[in-house]
Amino acid sequence: MKKSMLLGGLTLTATLLLAGCGKSDDVLVVGTNAAFPPFEYVGGQSGDEIKGFDIDLAKQIAKDAGKTLKVENMKFDSLIVALNSGKIDFIASGMTITAERQANVNFSEPYYEATQVVLVNKDNDSIHTLEDIKGKHFAVQLGTTADIMSKKYTQNITAFNTGFEAIMELKNSKVDLVLFDSEPAANYLAKNPELKMIKLDFPAEFYGFAVSKEQPELLASINKTLAKMKADGQYQTLVSAHIK
């Protein structure tokens, strides 16, 4: 789970125009960090639309609930605070289900399996095993699983608000590696051919939508939509569209 020029409190109301909507209590607010492609990112013809795999899932969740989806873009490490203060209704931001997070929020059923990978400059041939990353200078995205996990291997960590900033630090040779979720890493790699990806023996992770512990009905609704989408093929269609 996910800020430079992409942030700035960007707020988008998704174009889910449903019959009878328009009242505030008919709006479902999802919090995200739109710097985590292909799960959430800023794009579209206008250049300020929040798109991605998570957002399309969130649109269907809102539609099934008979509500309009409103997307709030914020820093990844502020999402749980915003959720528990009532500013947003749920989180859709490539957020890994962890025991630490489960102490503060409830998670939906897992909807995507991921893992951590290492990105390095192409001329770096020093990393082949987990032992090789110990003591290295890591760049990570603040508040993510990589941020937490990196502390097992080194104390030399620079955390950024976005993965993009971490990648730039690597390209400028100011860090040894970037630790990042596999799919966003592949997305950045496609745009930065001077880098390469190294897959190590990291454990699998599972993304879930986070909901306040005071909203069991919403959690049940989200799980119902996920189950329906997996059963009728909508889920796989979105996977094929967003994740290459």
Side-chain angles (χ1 to χ4, degrees), residues 1-14 28-44 47-59 61-62 69-98 100-102 104-105 107-108 110-112 114 116-117 119 138-150 157-169 178-188 191 205-212 222 238 242-243:
M1 44 203 77
K2 119 173 313 222
K3 293 197 125 183
S4 186
M5 293 180 66
L6 297 178
L7 288 175
L10 181 66
T11 300
L12 170 73
T13 301
L28 196 61
V29 183
V30 62
T32 195
N33 170 236
F36 197 64
F39 294 92
E40 38 272 328
Y41 58 94
V42 179
D48 60 0
E49 181 183 358
I50 300 176
K51 307 179 69 176
F53 179 64
D54 285 348
I55 304 306
D56 282 348
L57 289 175
K59 286 179 180 180
I61 289 167
L69 183 71
K70 182 179 181 182
V71 184
E72 292 284 356
N73 188 14
M74 58 188 68
K75 293 181 179 180
F76 186 86
D77 63 340
S78 69
L79 285 167
I80 290 179
V81 173
L83 178 68
N84 286 329
S85 65
K87 292 181 180 178
I88 58 177
D89 294 310
F90 70 109
I91 298 169
S93 195
M95 183 170 281
T96 300
I97 301 169
T98 67
E100 292 82 1
R101 288 171 179 155
Q102 285 176 313
N104 297 296
V105 301
F107 279 99
S108 69
Y111 67 88
Y112 192 80
Q116 297 294 312
V117 296
L119 289 178
F138 285 43
V140 298
Q141 184 178 359
L142 186 66
T144 62
T145 308
D147 187 9
I148 298 166
M149 184 183 293
S150 62
I157 304 163
T158 304
F160 297 92
N161 282 327
T162 66
F164 173 79
E165 292 171 287
I167 295 294
M168 290 305 298
E169 195 80 346
V178 174
L179 188 62
F180 212 32
D181 287 32
S182 52
E183 289 301 331
N187 191 281
Y188 281 115
K191 300 174 183 177
E205 302 171 11
F206 297 91
Y207 295 166
F209 295 117
V211 180
S212 166
I222 290 172
L238 289 181
H242 290 285
I243 302 169

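Both backbone and side-chain heavy atoms feed into the values below; hydrogens, waters and symmetry mates do not.
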Margin query: Let's go through Gln102 and Ile97 carefully: what are the C-alpha distance in whole Å and the side-chain angles of both, what is the deciding distance for side chain to side chain contact (heavy atoms under 4.5 Å, CB included) to 0.1 Å, and is it a yes or a no?
Written below: CA-CA 7 Å; Gln102 285 176 313; Ile97 301 169; 3.5 Å; yes
Margin query: Check whether Asn33 reaches the backbone of Met74 with its side chain - one donor and one acceptor, N or O, closer than 3.5 Å.
Written below: yes
Next item on the list: Please round to the nearest 0.5 Å and tell me the distance separating atom CD1 of Ile91 and atom CZ of Phe107.
Entry: 7.0 Å
Next item on the list: Kindly compute the distance separating CG (Asp89) from NZ (Lys70), expressed to the nearest 0.5 Å.
Entry: 10.5 Å
Check: Taking only residues two or more places apart in sequence, or in another chain, which ones meet Asn187 in a side-chain hydrogen bond (donor to acceptor under 3.5 Å, both in side chains)?
Finding: none
Next item on the list: Sequence neighbours left out, what passes side-chain hydrogen bond (donor to acceptor under 3.5 Å, both in side chains) with Glu183? Give chain and number order.
Entry: Tyr112
Item checked: Qualifying residues under side-chain hydrogen bond (donor to acceptor under 3.5 Å, both in side chains), relative to Thr158, sequence neighbours excluded -> His137
Next item on the list: Only counting residues at least two apart or in another chain, list the ones meeting ring-ring contact (aromatic ring centres under 6.0 Å, His included) with Phe53.
Entry: Phe39, Tyr235
Check: Got Val140 and Met149 here, is their nearest side-chain heavy-atom distance under 4.5 Å?
Finding: no
Next item on the list: Applying side chain to side chain contact (heavy atoms under 4.5 Å, CB included), name anything that partners Tyr41, two or more places apart in sequence or on another chain.
Entry: Pro37, Lys51
Margin query: Restricting to side chain to side chain contact (heavy atoms under 4.5 Å, CB included), what partner residues turn up for Ala166, sequence neighbours left out?
Written below: Ala139, Phe160, Val178
Check: Got a sec, which residues hit side-chain hydrogen bond (donor to acceptor under 3.5 Å, both in side chains) with Tyr111, two or more places apart in sequence or on another chain?
Finding: Asp54
Note to self: Going by side chain to side chain contact (heavy atoms under 4.5 Å, CB included), name the residues that satisfy it together with Asn84, two or more places apart in sequence or in a different chain.
What the structure shows: Ile80, Asn104, Val105, Ser212
Checklist line | From CD1 (Ile243) to OG (Ser182), nearest 0.5 Å | finding: 9.0 Å
Next item on the list: Check whether any side-chain heavy atom of Asp181 sits under 4.5 Å from a side-chain heavy atom of Thr144, and report yes or no.
Entry: no
